[in-house]
There are 2 protein chains.
Amino acid sequence: MPENTLPLEPGEWEISPEKSKPLYQQLKDVLAGQIKNGILKADDRLPSEKELCAMYNVSRITVRQALAELTREGLIYRSHGKGTFVARPRIQQELVRVTPFEETLRSKGLEPSTKYLGASFIPADYHLATVLAIPISTDVMRMELLGLGNNEPMVYYLSYFAGELGQKLCDLARELSQQRVAFSTFDLYEKAGIPAPAMLTQSFEAIAARREQARILGVKQGEPLLLVTSLVYTAEGRPVEYKQAAYRGDKYSFYITRPVNQGKRL
Amino acid sequence: MPENTLPLEPGEWEISPEKSKPLYQQLKDVLAGQIKNGILKADDRLPSEKELCAMYNVSRITVRQALAELTREGLIYRSHGKGTFVARPRIQQELVRVTPFEETLRSKGLEPSTKYLGASFIPADYHLATVLAIPISTDVMRMELLGLGNNEPMVYYLSYFAGELGQKLCDLARELSQQRVAFSTFDLYEKAGIPAPAMLTQSFEAIAARREQARILGVKQGEPLLLVTSLVYTAEGRPVEYKQAAYRGDKYSFYITRPVNQGKRL
DNA sequence: ATGCTAGTCTTGTTATGACAACAAGGCTGC
DNA sequence: GCAGCCTTGTTGTCATAACAAGACTAGCAT
């Protein structure tokens, strides 16, 4: 009777231990692919864990690990005693996703690019030293970037890097800028071979453009700007970058997808 | 030689199967407690999985499930071949956390409250119908709220609810407002016994206050406002609420903690 | 001294098996 | 007819076991 369980024939998507990738990863990719391709549609019921075990000839632990990750990523939802179902397609992407600068612009048909404005070493003042967890007066790299869409200024970045990585990132930024490609500071980490940042805190404020900001962004003084202040951490929880980004209010909006944090007050 | 492994004597935190709560939950709570209380400090090494198994007399699966969740929540980080370590304390909280309205105000020493401005049923226009995934002209509940700090307007909420839950939430809001307590629409869900929302998408923009908004918030026209547009989903991915919140730029900033999404472009 | 290797620690992956808890439909006894 | 039980199917929890793979060290060979 429970024939809403579609068979999703294997064979094509045979998963095998020789592929070097973990089995649960392969299974996860297969299922994610079927969901993204519409073979499995919203609210469809997936095969039960036992069926998946048989179909792909893996153990239940493997199946559960794959399903757990898909659940965490919001592609499926599970219901104790009933089964596993495909979530509505709208929020498939990663569980937490912030649309990056380039993508936002491209989606609006604008050509993104990034301009290197300059960089220098400065001694950390009290505030910088506190947020970056370093001693006062330590040298930090201060870097200014300008993000453009169709060569029109969109956002002004002001970044501070702790430690010796500032120089490396700064050189890279200058280089990439000359190639007229768009990049963010996260791209720099990757290219510099630095362990990727894992966590960040951000605050969003609406401010009125001050004279200097207005000049750089090409707007009138007092125009609304979206000021995003970020603090970037490594996986170990060490702060590595403090960044302020001032977006033109009339041109840009910040977009984010995230799970609701149930009123877990501290 | 590896004596940085502190013993964290059990006995006090004996975990037992009779407690009804799952073992991995109990273990997770114990470890989280030790981290929060400073018994385990930043970058301390936790006992290995095998040691934890022996100490608490549970299987490795249980230990791994506890550690996996703690990792996901950002309290610890793991390194293949080396061990498990306590993350820096700054970002302990939930992995993704948005500081809620009341908390933000209280931290600034302001007394939060929420005022019910009104509500009515209106037929959904094209935009509303699209985002809420309902047919055009379906009735939706439109509710206006005002968030105040020390009785000064801070934020203007405009919410739209799909389906029949609008009336319930609206009645609740009117009631709570008379009790002069602060609440958010999420509190309403809980109190109304509606399955809690699981996911939301938000966009942040800086806008200039229009006349009506300026009047309600008590600011001059053209002043910068932080406009946060949210779309709230259930676990199944069904949209249930569309909300616009306009915050006074000079009084409020939005704060968020989240993992970095590695350039996983779609 | 340098470099390689073997051994031993760690976490990561996977299998097998069992029972608990929840959901839903069908059956039985009233 | 209907309440309550029982069976079946599902996901959730937990135990035991084995091997893989990264990290580190001590010791051996060059």
Side-chain angles (χ1 to χ4, degrees), chain A residues 1-6 14-31 43-72 75-87 195 235-236, chain B residues 1-6 14-31 43-72 75-87 195 235-236:
Chain A
M1 218 65 59
E3 277 317 318
N4 39 351
T5 307
L6 39 163
E14 205 60 71
I15 65 182
S16 57
E18 1 288 356
K19 299 298 282 286
S20 78
K21 250 210 283 191
L23 290 179
Y24 74 90
Q25 267 286 348
Q26 298 181 46
L27 176 55
K28 186 185 145 192
D29 292 345
V30 167
L31 294 175
D43 291 323
D44 275 353
R45 181 157 166 275
L46 300 180
S48 73
E49 297 182 356
K50 205 199 291 185
E51 288 173 300
L52 285 171
C53 290
M55 288 164 60
Y56 295 99
N57 198 30
V58 294
S59 83
R60 193 166 163 225
I61 282 199
T62 305
V63 169
R64 282 186 65 78
Q65 188 155 359
L67 294 180
E69 296 207 358
L70 289 173
T71 304
R72 211 159 45 78
L75 282 146
I76 60 176
Y77 61 96
R78 319 195 66 185
S79 185
H80 193 169
K82 295 210 280 191
T84 306
F85 305 87
V86 178
E236 299 86 43
Chain B
M1 216 68 58
E3 276 317 318
N4 39 349
T5 307
L6 39 163
E14 205 59 71
I15 64 183
S16 55
E18 1 287 358
K19 298 299 281 286
S20 78
K21 248 211 284 192
L23 290 180
Y24 74 89
Q25 267 286 349
Q26 298 181 45
L27 176 55
K28 186 184 145 191
D29 292 344
V30 167
L31 294 175
D43 292 322
D44 275 353
R45 182 157 166 275
L46 270 70
S48 74
E49 297 181 355
K50 203 199 290 185
E51 289 174 301
L52 285 172
C53 291
M55 288 164 59
Y56 295 99
N57 198 29
V58 294
S59 84
R60 192 163 163 226
I61 284 198
T62 306
V63 169
R64 280 186 66 79
Q65 188 157 0
L67 295 180
E69 295 206 359
L70 289 173
T71 304
R72 210 158 46 77
L75 272 92
I76 61 176
Y77 61 95
R78 321 195 65 185
S79 184
H80 192 169
K82 296 211 281 190
T84 306
F85 305 87
V86 178
E236 299 87 44

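Every chain is numbered from 1 and lettered A, B, ... according to where its sequence line falls, protein lines coming before strand lines.
- Each of L67(B), L75(B), V86(B) was evaluated against L31(B); a single residue qualifies, L67(B), per the side-chain contact (heavy atoms from CB on, under 4.5 Å) test.
- Of the candidate nucleotides dA15(D), dT14(C), dG12(D), dT14(C) has the atom nearest to the side chain of Y24(A).
- Separating the CZ atom of R45(B) from the P atom of dC9(C) is a distance of 11 Å, rounded to the nearest angstrom.
- When the C1' atom of dG12(D) is taken as reference, atom CZ of R78(A) falls 9 Å away, rounded to whole Å.
- For P22(A), counting side-chain heavy atoms from C-beta on, the closest listed nucleotide (dT10(C), dT11(D), dT14(C)) is dT14(C).
- Among residue pairs with one or both ends in residues 77-86 of chain A, those qualifying as salt bridge (Lys or Arg N to Asp or Glu O under 4.0 Å) are E49(A)-R78(A); sequence neighbours excluded.
- Here the C1' atom of nucleotide dG12(D) and the NZ atom of K21(B) are 16 Å apart, to the nearest Å.
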Dump every N/O contact between nucleotides 16-19 of chain C and the protein below 3.5 Å, one line per pair.
| from | atom 1 | to | atom 2 | distance (Å) |
| --- | --- | --- | --- | --- |
| dA18(C) | N6 | R60(A) | NH1 | 3.1 |

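- The side-chain contact (heavy atoms from CB on, under 4.5 Å) search around D43(B) returns E236(A), R238(A), Y77(B), R88(B), not counting sequence neighbours.
- Side-chain proximity of K82(B) to the nucleotides dC24(D), dA21(C), dT13(D) is greatest for dC24(D).
- Each of T62(A) and R64(B) was matched to the nucleotide of DNA chain C holding its nearest heavy atom; the match closer to the 5' end belongs to R64(B).
- Rounded to an integer number of Å, the gap from L27(B) CG to dA15(D) C1' is 15 Å.
- Regarding L23(A), its CG atom lies at a distance of 6 Å from the P atom of dA15(C), rounded to whole Å.
- When the side chain to side chain donor-acceptor pair (under 3.5 Å) test is applied to E69(A), the partners found at least two apart in sequence or on another chain are K28(A).
- In this structure K50(B) satisfies the side-chain contact (heavy atoms from CB on, under 4.5 Å) test together with S48(B), sequence neighbours excluded.
- Distance I76(A) CD1 to dT10(D) P: 15 Å, rounded to the nearest Å.
- N57(A) is linked by a side chain to side chain donor-acceptor pair (under 3.5 Å) to nothing, counting only residues two or more places apart in sequence or in another chain.
- Looking at heavy atoms from C-beta onward, Y56(A) lies out of side-chain contact with T62(A) at the 4.5 angstrom threshold.
- Both Q25(A) and S79(A) lie close to DNA chain C; mapped to their nearest nucleotides by heavy-atom distance, the more 5′-ward contact belongs to Q25(A).
- When the P atom of dT11(C) is taken as reference, atom CG of L70(B) falls 14 Å away, rounded to whole Å.
- When the nearest nucleotides of DNA chain D are assigned to G81(B) and L67(A) by heavy-atom distance, the more 5′-ward of the two goes with L67(A).
- Distance L52(B) CG to dC14(D) P: 15 Å, rounded to the nearest Å.
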